[in-house]
Novice: 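Pasting a structure here, questions to come.
This chain uses plain numbering: 1 for the first residue, then up along the sequence. What you see is a predicted model, and the numbers here were worked out from it, not measured in a lab.
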Amino acid sequence: MSNVIRTKSGHILTKADIERIAEEAERGYDPDTLVPRYIGRPSLGETGVSPRVQFRIDAELYRKVRDKAAREHRSLSAVGRKLFEEYVAS
């Protein structure tokens with residue numbers, strides 16, 4: 001088993017890195033200087049959570065939508081959100 005410790009991004013931590021991190025943690029952190037971290041993705045709206053929507057479609061339709069979205073440099077989520085907005089606006 002390897003004793004190599006890596007960060008989430010793959011950076012290898014040296015013994016000096018680990019000691020520095022431990023010393024910093026032992027000193028404690030000032031809550032006013034901490035950067036809040038999100039659990040999950042941030043809301044897409046003004047407030048609250050953004051519900052996840054899942055549904056099944058035909059494989060050929062999926063391929064066409066995926067390919068067109070890729071050509072337009074858009075995510076499938078962005079395409080779906082736009083279509084839902086247009087649907088409720090009509």
Side-chain angles (χ1 to χ4, degrees):
M1 181 173 168
S2 174
N3 289 333
V4 174
I5 298 175
R6 295 179 185 269
T7 64
K8 189 165 64 169
S9 63
H11 175 76
I12 296 174
L13 294 176
T14 65
K15 185 174 180 174
D17 291 329
I18 295 168
E19 289 172 0
R20 179 184 46 77
I21 293 167
E23 288 171 4
E24 181 181 339
E26 288 172 358
R27 281 193 307 272
Y29 300 99
D30 179 359
D32 293 332
T33 64
L34 295 176
V35 176
R37 298 188 76 179
Y38 293 103
I39 297 176
R41 294 180 182 245
S43 176
L44 294 172
E46 298 281 327
T47 61
V49 298
S50 298
R52 182 181 190 127
V53 178
Q54 292 180 292
F55 52 91
R56 296 168 56 89
I57 62 173
D58 175 82
E60 181 64 14
L61 176 59
Y62 173 74
R63 185 191 61 74
K64 289 176 182 178
V65 171
R66 182 198 62 208
D67 292 350
K68 183 174 181 178
R71 285 191 305 274
E72 296 175 351
H73 306 286
R74 297 171 67 192
S75 69
L76 289 178
S77 291
V79 171
R81 282 191 295 273
K82 181 68 173 169
L83 291 172
F84 273 89
E85 289 169 2
E86 291 173 357
Y87 179 75
V88 297
S90 64

Novice: I'd like to check the side-chain contact (heavy atoms from CB on, under 4.5 Å) partners of Tyr29; sequence neighbours left out, ordered by chain and number.
Specialist: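 Counting only residues at least two positions away or on another chain, Tyr29 forms a side-chain contact (heavy atoms from CB on, under 4.5 Å) with Glu24, Ala25, Leu34.
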Novice: Listed by chain and number, what are the side chain to side chain donor-acceptor pair (under 3.5 Å) partners of Ser90, not counting sequence neighbours?
Specialist: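 Testing Ser90 for side chain to side chain donor-acceptor pair (under 3.5 Å), a comparison that skips the adjacent residues, returns none.
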Novice: Can you measure from NZ (Lys82) to CZ (Arg74) and round to the nearest 0.5 angstrom?
Specialist: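 Rounded to the nearest 0.5 Å, the NZ-CZ separation comes to 7.5 Å.
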Novice: Return the set of residues passing side-chain contact (heavy atoms from CB on, under 4.5 Å) with Thr7 (not counting sequence neighbours), or none when no residue passes.
Specialist: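 Result, side-chain contact (heavy atoms from CB on, under 4.5 Å) vs Thr7: Ser9, His11, Leu13.
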Novice: Val65, Tyr87: one ILVMFWY side-chain cluster at the under-4.5 Å cut-off?
Specialist: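 Cluster IDs for Val65 and Tyr87 differ.
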Novice: Please identify each residue that fulfils side chain to side chain donor-acceptor pair (under 3.5 Å) with Glu60, with sequence neighbours left out.
Specialist: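 Glu60 satisfies side chain to side chain donor-acceptor pair (under 3.5 Å) with Arg63 once adjacent residues are dropped.
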Novice: Any link between Leu44 and Leu76 through a network of hydrophobic side chains (Ile, Leu, Val, Met, Phe, Trp, Tyr) touching at under 4.5 Å?
Specialist: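 Cluster IDs for Leu44 and Leu76 differ.
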Novice: With Arg52, which residues qualify under side-chain contact (heavy atoms from CB on, under 4.5 Å), at least two apart?
Specialist: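 Checked Arg52 against side-chain contact (heavy atoms from CB on, under 4.5 Å); matches are Gln54.
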Novice: Looking only at heavy atoms, which two atoms of Val79 and Ala69 are closest? And how far apart?
Specialist: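 In terms of heavy atoms, the two residues are closest at CG2-CB, 3.9 Å.
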Novice: The criterion is side-chain contact (heavy atoms from CB on, under 4.5 Å); which residues satisfy it with Thr33, sequence neighbours excluded?
Specialist: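 Testing Thr33 for side-chain contact (heavy atoms from CB on, under 4.5 Å), a comparison that skips the adjacent residues, returns Asp30.
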Novice: Roughly how far apart are Thr14 OG1 and Arg20 CZ, rounded to 0.5 Å?
Specialist: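 Thr14 atom OG1 to Arg20 atom CZ measures 8.0 Å (nearest 0.5 Å).
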Novice: When rounded to the nearest 0.5 angstrom, what distance separates CD in Glu86 from CZ in Arg81?
Specialist: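 So the gap between those two atoms works out to 13.5 Å.
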Novice: NZ of Lys15 to CD1 of Ile5: how many Å apart, nearest 0.5 Å?
Specialist: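 Spacing of NZ (Lys15) from CD1 (Ile5) equals 11.5 Å.
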